[in-house]
Amino acid sequence: MTSQGGSRQSKYQRIADALRAAIQSGEYGPGDRLPGENDLMATYDVARMTARQALGVLQNEGLAEARKGAGVFVRTFKPLRRRGIQRLAQEQWGSGRSIWSADTEDRELVVDQIEVREEGADSRIADALDIPEGSRVWARSRRFVLDAKPVLFATSHLPSDVVADSAITQVDTGPGGTYARLAELGHKPVHFREEIRSRMPSAEEAERLSLSMGTPVIQIVRTAFTEGRRAVEVNEMTLDSASYVLEYDFDA
């Protein structure tokens, strides 16, 4: 039964493999239109659903994107290489540069949907910050759009007793961002912990990140600690998995 199931699936997978190889070899370049359902049906002598599934595989992998009424095209977006260690170095934010500049190089980055508010910490945030549930925290939510493609949205929570009346409670935190301001307040981050997992997105997340159907998200939860090991920020980030390569470069 297993082999029969594999045979039933193999047709669309073989077509997807052939198209993927053609993309990787350069036969189809960024922005090129891939063969449509009718073309694949004729070439491979398969049903429309099989052709549709094959194209769907490439869309789910982030290699192709559908354009309404025009077909399926090779994706032009270059994956973002997130340098997980270099981006958090003090020499980055301590010199007034955004930690994002370690990732984006010269590409156009827009931060939108910015919301800054004070609220009570729920049990999850309270546990991460090691404070009583309901304690006041400042939340900073924002979405990051790279080359006109939404790639990530994030919400940071910081204890109110640490950041009250500072630029961290404003939309624009100034050069170097939140970590530079924390250092000025006497709470310089010296240690970070990131937890990473992959999952399927909620409907709201899929909409905010303009995700193709079937595309998972990467969830990264980063906690920043001071010299005294106090947690001063927990940042929950949701990434479009098709837009990212996670890179960790460190000495043995």
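This chain uses plain numbering: 1 for the first residue, then up along the sequence.
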Notebook entry, point to check: Who pairs with Asp122 by salt bridge (Lys or Arg N to Asp or Glu O under 4.0 Å), at least two apart in sequence or on another chain?
Noted result: Arg124
Notebook entry, point to check: Of all residues at least two apart in sequence or in a different chain, which pass the side chain to side chain donor-acceptor pair (under 3.5 Å) check with Arg197?
Noted result: none
Next item on the list: For the pair Arg117 and Ser141, evaluate side chain to side chain donor-acceptor pair (under 3.5 Å) and give the outcome as yes or no after the intermediate values.
Entry: CA-CA 9 Å; Arg117 61 193 181 277; Ser141 298; 3.2 Å; yes
Margin query: For Pro150, is there any backbone N or O sitting under 3.5 Å from a side-chain donor or acceptor partner on Arg208?
Written below: no
Next item on the list: Step by step, work out the side chain to side chain contact (heavy atoms under 4.5 Å, CB included) result for Arg140 and Thr178.
Entry: CA-CA 10 Å; Arg140 299 182 53 84; Thr178 295; 4.0 Å; yes
Notebook entry, point to check: Is the shortest heavy-atom distance from the side chain of Val162 to the side chain of Leu182 under 4.5 Å?
Noted result: yes
Note to self: Could you work out, with salt bridge (Lys or Arg N to Asp or Glu O under 4.0 Å) as the rule, every residue matching Arg142, not counting sequence neighbours?
What the structure shows: none
Margin query: Could you tell me if the side chain of Leu246 sits less than 4.5 Å from the side chain of Ile218, heavy atoms only?
Written below: yes
Notebook entry, point to check: Closest heavy-atom contact between Ala206 and Pro201?
Noted result: N-CB, 4.1 Å
Margin query: Does any part of the side chain of Val221, heavy atoms only, come nearer than 4.5 Å to the side chain of Glu194, both counted from C-beta?
Written below: no
Item checked: Validation row: Val145, Leu109 side chains within 4.5 angstrom (heavy atoms) -> no
Check: Passes side chain to side chain contact (heavy atoms under 4.5 Å, CB included), Thr238 versus Leu152? Steps please.
Finding: CA-CA 6 Å; Thr238 303; Leu152 172 151; over 6 Å; no
Notebook entry, point to check: Considering only heavy atoms from C-beta outward, does the side chain of Leu158 approach that of Ile168 to under 4.5 Å?
Noted result: yes
Item checked: Residues that Glu195 engages under side-chain contact (heavy atoms from CB on, under 4.5 Å), provided they are two or more places apart -> Arg193
Note to self: Minimum heavy-atom separation for Val217 and Leu211, please, with both atom names.
What the structure shows: CG1-CD1, 3.6 Å
Margin query: For the residue pair Arg75 / Gln59, report whether a side-chain donor-acceptor contact shorter than 3.5 Å exists.
Written below: no
Next item on the list: Determine whether Ile15 and Val74 fall in the same hydrophobic cluster, where Ile, Leu, Val, Met, Phe, Trp and Tyr are linked whenever their side-chain heavy atoms lie under 4.5 Å apart.
Entry: yes
Notebook entry, point to check: With hydrophobic residues grouped by side-chain heavy-atom distances under 4.5 Å, do Met49 and Tyr44 end up in a single group?
Noted result: no
Exercise answer: donor-acceptor pairs, residues 30-37 side-chain atoms, under 3.5 Å, sequence neighbours excluded:
{"from": "Asp32", "atom 1": "OD2", "to": "Gly29", "atom 2": "N", "distance (Å)": "2.7"}
{"from": "Arg33", "atom 1": "NE", "to": "Ala70", "atom 2": "O", "distance (Å)": "3.1"}
{"from": "Glu37", "atom 1": "OE1", "to": "Arg48", "atom 2": "NH1", "distance (Å)": "3.1"}
{"from": "Glu37", "atom 1": "OE1", "to": "Arg52", "atom 2": "NH2", "distance (Å)": "3.2"}
{"from": "Glu37", "atom 1": "OE2", "to": "Arg52", "atom 2": "NE", "distance (Å)": "3.0"}

Item checked: Test side chain to side chain donor-acceptor pair (under 3.5 Å) applied to Thr43 - qualifying residues, sequence neighbours left out -> none
Note to self: I want to know whether Tyr179 and Phe192 have ring centres closer than 6.0 Å.
What the structure shows: yes
Notebook entry, point to check: Would you say Glu236 and Ile125 make side-chain contact, with heavy atoms under 4.5 Å?
Noted result: yes
Check: Short question: side chain of Thr50, backbone of Val46 - any donor-acceptor pair under 3.5 Å?
Finding: no
Next item on the list: Would you indicate whether Met200, at its atom CE, is surrounded by more than 12 heavy atoms from other residues, nucleotides or ligands within a distance under 6.0 Å?
Entry: yes
Check: Are the side chain of Lys149 and the backbone N or O of Leu209 linked by a donor-acceptor pair below 3.5 Å?
Finding: yes
Check: Partners of Glu205 by salt bridge (Lys or Arg N to Asp or Glu O under 4.0 Å), sequence neighbours excluded?
Finding: Arg199
Next item on the list: Kindly indicate whether the side chain of Val234, heavy atoms from C-beta on, has any atom under 4.5 Å from the side chain of His157.
Entry: yes
Item checked: Partner residues of Phe225 under the ring-ring contact (aromatic ring centres under 6.0 Å, His included) criterion, sequence neighbours left out -> His191
Next item on the list: Look up atom OG1 in Thr223 and atom CG in Asp130, then write down how far apart they are to the nearest 0.5 Å.
Entry: 11.0 Å
Next item on the list: Kindly say whether Pro216 contributes a backbone atom to a donor-acceptor pair with the side chain of Ser241 at under 3.5 angstrom?
Entry: yes
Item checked: Straight-line distance of Leu58 CG to Leu63 CG, nearest 0.5 Å -> 6.0 Å
Next item on the list: With sequence neighbours left out, write down each residue that passes salt bridge (Lys or Arg N to Asp or Glu O under 4.0 Å) with Glu118, or none if nothing qualifies.
Entry: none
Next item on the list: May I ask you to establish whether Arg143 and Phe153 are in a cation-pi arrangement, using a distance under 6.0 Å from NZ or CZ to the six-membered ring centre and at most 45° from the ring axis?
Entry: no
Check: From Ile23 CD1 over to Tyr28 OH, what is the distance, rounded to the nearest 0.5 angstrom?
Finding: 9.0 Å
Item checked: Heavy-atom pair with the smallest gap, counting every atom of Ala64 and Val72 -> CB-CG1, 3.7 Å
Check: With Asp161, which residues qualify under side chain to side chain donor-acceptor pair (under 3.5 Å), at least two apart?
Finding: Arg230
Checklist line | Shortest non-hydrogen contact from Trp138 toward Ala164 | finding: NE1-CA, 4.4 Å
Next item on the list: Please name the pair of heavy atoms, one in Ser25 and one in Ala22, separated by the smallest distance, quoted to 0.1 Å.
Entry: OG-O, 3.0 Å
Item checked: side chain to side chain donor-acceptor pair (under 3.5 Å) involving Arg181 - partner list, sequence neighbours excluded -> Glu184
Note to self: side chain to side chain contact (heavy atoms under 4.5 Å, CB included) for Glu227 and Lys188? Distances and angles first, verdict last.
What the structure shows: CA-CA 7 Å; Glu227 185 72 44; Lys188 181 175 71 174; over 6 Å; no
Margin query: Counting only heavy atoms not in Asp112 (residues, nucleotides, ligands), do more than 12 fall under 6.0 Å from its CG?
Written below: yes
Margin query: Within this structure, what is the CG-CD1 distance for the pair Leu239 and Ile196, rounded to the nearest 0.5 Å?
Written below: 9.0 Å
Margin query: Holding to side-chain contact (heavy atoms from CB on, under 4.5 Å), I want the full list of residues that pass it with Ala126, two or more places apart in sequence or in another chain.
Written below: Ala121, Ile131, Glu133
Notebook entry, point to check: Is there a side-chain contact between Asp240 and Thr215 (heavy atoms, below 4.5 Å)?
Noted result: yes
Item checked: Arg20 bridged to Asp17 by N-O distance under 4.0 Å -> yes
Note to self: If you compare all heavy atoms of Ala224 against all heavy atoms of Pro189, which two are closest, and at what distance to 0.1 Å?
What the structure shows: CB-CB, 4.2 Å
Check: To the nearest 0.5 Å, how far apart are CG in Leu55 and CG in Leu19?
Finding: 6.5 Å
